Every structure is written in structure tokens, then in C-alpha cells.
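See structure below.
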Number of protein chains: 2
Amino acid sequence: MWLRPERRVRDRRLSRERIVRVVVEVLDAEGHDGLSMRRVAERLGVTPGSLYWHVATKDEMVELALDAVLGEVDIAAAERMADWRQALLTVAQAHRAVMLRHRWMIPLLSTRRTLGPNALRAAEHTLRVLSRAGFDEDMLDAALSALNQLVVGAVVFESAWREGAEAAGRADDHQREEAAEFARRIGERHPLLAAARFATDPPDREDVWADRFAFGFGCLLNGLEAYRSAPETR
Amino acid sequence: MWLRPERRVRDRRLSRERIVRVVVEVLDAEGHDGLSMRRVAERLGVTPGSLYWHVATKDEMVELALDAVLGEVDIAAAERMADWRQALLTVAQAHRAVMLRHRWMIPLLSTRRTLGPNALRAAEHTLRVLSRAGFDEDMLDAALSALNQLVVGAVVFESAWREGAEAAGRADDHQREEAAEFARRIGERHPLLAAARFATDPPDREDVWADRFAFGFGCLLNGLEAYRSAPETR
DNA sequence: ACCTGAACACCGTTCAAGT
DNA sequence: ACCTGAACACCGTTCAAGT
């Protein structure tokens with residue numbers, strides 16, 4: 001009896017938090033196709049089936065991971081800014097950066113609404129900034145929608161390009177040749193597209209993409225503000 | 001891949017075209033998760049392995065389906081319009097409608113660039129309209145990017161909501177109750193979000209969404225035009 | 001309460017063999 | 001040239017059984 005160890009609370013090897021952390025790691029490292037219950041379980045030193053005690057499905061697991069990374073968006077910094085345009089651009093840029101850091105999350109945005117605590121917090125913040133900027137209630141979520149849409153749309157295209165660039169990095173000579181031939185044909189049949197260098201062969205420089213984004217975002221802000229000031233002029 | 005010629009026709013039961021048509025059917029009916037090589041083969045009365053004679057991977061098959069549906073975007077109608085704003089809005093709306101009709105394509109947009117013939121044709125067209133509207137070469141693809149981004153972003157959010165609405169339709173009473181409780185909590189902690197009815201509980205009416213889209217698109221167009229007319233004012 | 005072990009039904013892909 | 005048949009290595013999920 002003296003030898004019998006004290007009955008202690010069974011130390012759980014698993015928890016949602018621990019699982020989600022590993023899920024994010026795997027997704028960051030291997031992408032969506034590299035994620036499997038077995039892989040996550042293996043990294044946790046556990047059996048695949050055990051994950052189902054903490055999580056209903058793989059889908060739910062991914063959803064938790066999605067909101068977890070949304071928590072990386074730094075809202076506090078923008079909150080203190082006096083200029084509302086600067087504040088909005090700052091959150092948008094932070095949002096954009098997070099999505100580009102975890103590109104696997106981008107395809108998920110169209111298959112479910114993001115209603116996790118972090119997503120809600122971010123939306124509420126943006127509404128607060130818009131509200132203080134003088135947008136009235138009716139225009140508030142129209143403006144929020146448009147701005148969010150532009151941010152998400154921007155990362156969709158940038159992500160697509162980056163995936164392509166990485167695939168090109170893995171390509172062999174033959175594939176490279178094929179790609180060059182293909183680009184040439186685009187030029188022949190689509191003169192304007194060929195001239196628009198950014199569209200066909202954008203530079204692999206983060207700052208150029210960031211400037212691009214700021215430009216589009218600024219134009220949209222201008223358009224929204226113009227409407228707010230004079231709705232009747234269309 | 002767009003360069004690789006299709007294999008010569010003899011008397012074949014399969015062809016890329018036939019395969020792609022079935023793939024689109026399956027995707028429309030069952031969504032991305034419902035697509036499998038076996039299912040496609042079954043519908044074609046053929047063995048799964050045989051598909052690999054016509055197509056390198058499942059991924060390539062999906063890519064072909066993606067460009068196929070992009071071909072549904074009606075460009076000709078907009079091409080004849082005198083007013084460039086009207087023309088741009090019209091193509092954008094057509095593009096939007098196609099993506100909402102085939103929602104499975106939306107998550108694909110961020111994982112690969114769309115370089116199929118139909119995608120290129122659409123881009124060239126939009127550039128032509130912008131060019132005629134007086135946007136000079138430097139601003140041309142900046143404008144194209146921003147506009148495309150808004151369109152894609154808009155369908156991402158709308159698709160997310162529609163998927164959620166369909167899931168809600170399949171929910172049982174308990175889940176419904178849970179959802180109501182959840183919405184109530186949002187209101188408590190996020191007053192502005194709760195007030196923005198469209199953000200929390202948008203109407204299930206296509207015309208309202210369409211108006212929303214036109215509004216955001218119009219604002220962006222105004223912002224772009226303002227910049228074109230007077231770049232120095234920021 | 002929490003996890004194991006083993007199973008089930010399904011995948012994408014390959015490839016020798018047939019025609 | 002085009003397709004079959006069968007196999008391989010991998011899935012998500014379930015669940016009785018253990019502790």
C-alpha cells in the first residue's frame with residue numbers, strides 16, 4: 001500500500017490547445033494537403049483515434065486552427081491611431097500579412113463564415129474605426145464589407161502567384177521551357193496583358209506587392225469617403 | 001499544361017472534354033469533397049485508372065474544370081457598351097455570377113494562378129476597356145488588380161455565407177438553439193457588429209447581395225478614376 | 001475521463017496486361 | 001492507342017476495450 005502511488009488526476013496528454021498548435025504547425029509546413037489526422041497524432045505521440053475525444057471532425061480542427069491564426073492580427077496598434085484612414089490601412093495590412101504567412105487559410109474563407117472570437121473582435125474593431133470616422137449606421141457594414149473584400153481578394157491573387165512561383169522553383173528544365181513558350185504565346189494573343197508586366201510577371205518583392213495593396217485600398221477608401229460626403233452624386 | 005496537345009482521336013470512349021464536363025457536373029452537385037477519380041470514372045462507365053491516360057493528376061483535372069467554367073463568363077455583351085463604367089460593372093457581375101454558380105472554384109483561386117485560355121481572354125478584355133477609358137499603361141494593371149480583387153473578395157464572403165446558410169438548413173433543433181445563443185453572445189460583446197445587421201444576418205435575397213456588390217464596385221471605380229484624374233492629391 | 005488498437009470504407013496513383 | 005484489373009500506400013472515422 002505504501003508503494004502504491006498517490007492517485008492523481010490523470011495528466012492529459014492532449015487538449016484542444018495542444019492539438020490546434022500542432023495543426024497550425026503542420027499546415028504552415030506542409031500545407032492543406034499535408035494535413036492528416038495521423039500526422040497530427042504522430043507529432044503528439046498519440047493514436048489517431050484519440051484526437052476525436054477532443055475534436056468532432058478534421059474540419060472542426062481546421063476551423064479552430066483558422067481562428068487561432070486570426071488571433072495574430074495585431075489590432076491594438078491601429079486602435080491608437082488618430083487618422084482613421086491610417087488606422088484602417090494598418091489593420092488591413094496586418095490582416096493581409098497574417099493571411100500571407102498562413103496561406104492555407106485563404107481557401108478556407110469561402111467555405112465557412114469566420115465566426116471565431118478573434119474574427120469577431122477584428123470586425124468589431126474595424127466597425128469602431130469607421131463609426132468614429134463619421135460613417136453612419138446604414139453605410140457602416142457596406143464599407144466594412146467592401147474593405148474586407150478587397151483585403152481578402154488581394155491575398156487570393158498574391159497567394160496564387162506565390163504558390164505558382166514556388167512550383168516554378170521546383171520545376172525542371174523541360175517545364176521551364178514550356179512555361180517560357182507559354183508566356184510568349186500569351187504575348188502574341190493578348191497584347192495588353194503582355195504589356196501589363198505586373199499581371200504576367202510580377203516581381204518577387206514583398207514591398208512592391210505591399211505598395212500595390214496600399215494603392216488599391218487607398219482608392220477604395222477615397223471612393224467610400226466621397227460617397228459618404230455626397231451620396232447623391234452617385 | 002495548356003500547351004500539351006490533346007491525344008489524337010480514334011474511337012475513344014474518353015476525352016479531356018468529356019472528362020471535364022463530368023468533373024464540372026460532379027463538382028456542381030457534390031462540391032469539392034464529393035469529387036473523386038472513382039466517382040468521375042463511374043459516371044463515365046470506365047475504370048478509375050483510365051482517366052490517367054487523358055489527365056496527369058486529379059489536380060490537373062480540376063484545373064481544366066476551372067478554366068472550363070471561366071468560359072461561361074459572357075464578355076461579348078460588355079464589349080459593346082459605350083460607357084466604360086457600365087462595361088466594367090457588367091463583366092464584373094458576370095464574373096461574380098459564374099463564381100457563385102460554381103462555388104467550388106472559389107477556394108481554388110488562391111492555390112494556383114488562373115492561366116487558362118478563358119481566364120486570359122477575360123483579363124485582356126478588362127484591360128481593353130480600361131485602356132479605352134483613358135487609364136495609361138502604368139495604372140492599367142493596378143486598376144485591373146484592384147477591380148479583380150474586389151470581385152473575388154466579394155464572392156469569397158458571399159460564398160462563405162451561402163455555405164453557412166445551407167449548413168444551417170441541414171441543422172437539427174439543438175444546433176439551431178446553439179446558433180441562436182451564439183448570435184446573442186455576439187450582440188453582447190460586439191455592439192457595432194450586432195447593429196450591422198448585414199454582417200451578422202444578411203438577407204437571403206440575391207438582389208440585395210447584388211446591390212451591395214455594385215455599391216462597393218462603384219466606390220472603387222470612383223476612387224480609381226479620381227486618382228487617374230488627379231494623382232497628386234493622393 | 002481519456003486513450004489504444006483494430007477495423008471499415010474510402011481515397012489517388014501506378015502499371016503490367018489486355019485489346 | 002487506349003483501357004482494364006489489381007495492387008499499393010494512404011486516408012477520416014468509429015468503437016469496443018482498456019486504464
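From a predicted model like this one, the values you see are computed outputs, not experimental measurements. Residue numbers start from 1 in every chain, and the chains themselves are labelled A, B, ... in the order their sequence lines are given, proteins ahead of strands. Values reported hereafter were calculated over all heavy atoms of this structure, with side chains retained and with hydrogens, waters and symmetry mates removed.
In this structure, B/L44 places its CG atom 14 Å from C1' of D/dC2, rounding to the nearest Å. Rounded to whole Å, atom P of C/dC3 lies 15 Å from atom OH of A/Y52. Distance, A/R16 CZ to C/dA1 P: 16 Å, rounded to whole Å. At whole-Å resolution of the value, CG in A/D59 and P in D/dC11 are 17 Å apart. Rounded to whole Å, the distance from CE on B/M61 to C1' on C/dT13 is 13 Å. Rounding to whole angstrom units, CD of residue B/E42 and C1' of D/dG5 are separated by 17 Å. Between A/M37 atom CE and D/dC15 atom C1' the separation is 15 Å, expressed in whole Å.
Projected onto DNA chain D by closest heavy-atom contact, B/P48 and A/R38 fall at different nucleotides, the more 5' of which corresponds to B/P48. Between B/G34 and A/W53, the residue anchored closer to the 5' end of DNA chain C is A/W53, taking for each the nucleotide with the nearest heavy atom.
When both pairing distances are held under 3.5 Å, D/dT19 makes a Watson-Crick or G-U pair with C/dA1. Pair assignment for D/dA7 gives C/dT13, based on Watson-Crick or G-U wobble hydrogen-bonding distances that are each under 3.5 Å.
A salt bridge is absent between B/E42 and B/R38: the closest approach of a Lys/Arg side-chain nitrogen to an acidic carboxylate oxygen does not fall below 4.0 angstrom. Between A/E79 and A/R128, at least one side-chain N (NZ, or NE/NH1/NH2) sits under 4.0 Å from a carboxylate O, which counts as a salt bridge. Of the charged side-chain nitrogens involved, at least one lies within less than 4.0 Å of a carboxylate oxygen, so that B/E188 and B/R184 count as a salt-bridged pair. In summary, B/R205 and B/D211 do not engage in a salt bridge, as defined by a charged side-chain N under 4.0 Å from a carboxylate O. Between B/E158 and B/R96 there is a salt bridge, with a side-chain nitrogen of the basic residue lying less than 4.0 Å from a carboxylate oxygen of the acidic one.
When the side-chain nitrogen and oxygen atoms of A/T47 are compared with OP1 and OP2 of C/dT4, one or more of them lie within a distance under 4.0 Å. Between C/dT4 and A/S50, a contact under 4.0 Å exists linking OP1 or OP2 to a side-chain N or O. Put simply, A/H54 has no side-chain N or O that comes within less than 4.0 Å of OP1 or OP2 on C/dA1.
The side chain of B/V46 lies closest to D/dT4 when the candidates are D/dG12, D/dT4, C/dC3. If you check C/dG12, D/dT4, D/dG12 against the side chain of B/R13, the one that comes closest is D/dT4. Side-chain atoms of A/K58 lie closest to D/dG12 of the nucleotides C/dC3, D/dG12, C/dT13.
At the heavy-atom level, A/S36 lies under 4.0 Å from the strands shown only through sugar-phosphate atoms. Here A/L51 lies out of heavy-atom contact (under 4.0 Å) with every strand.
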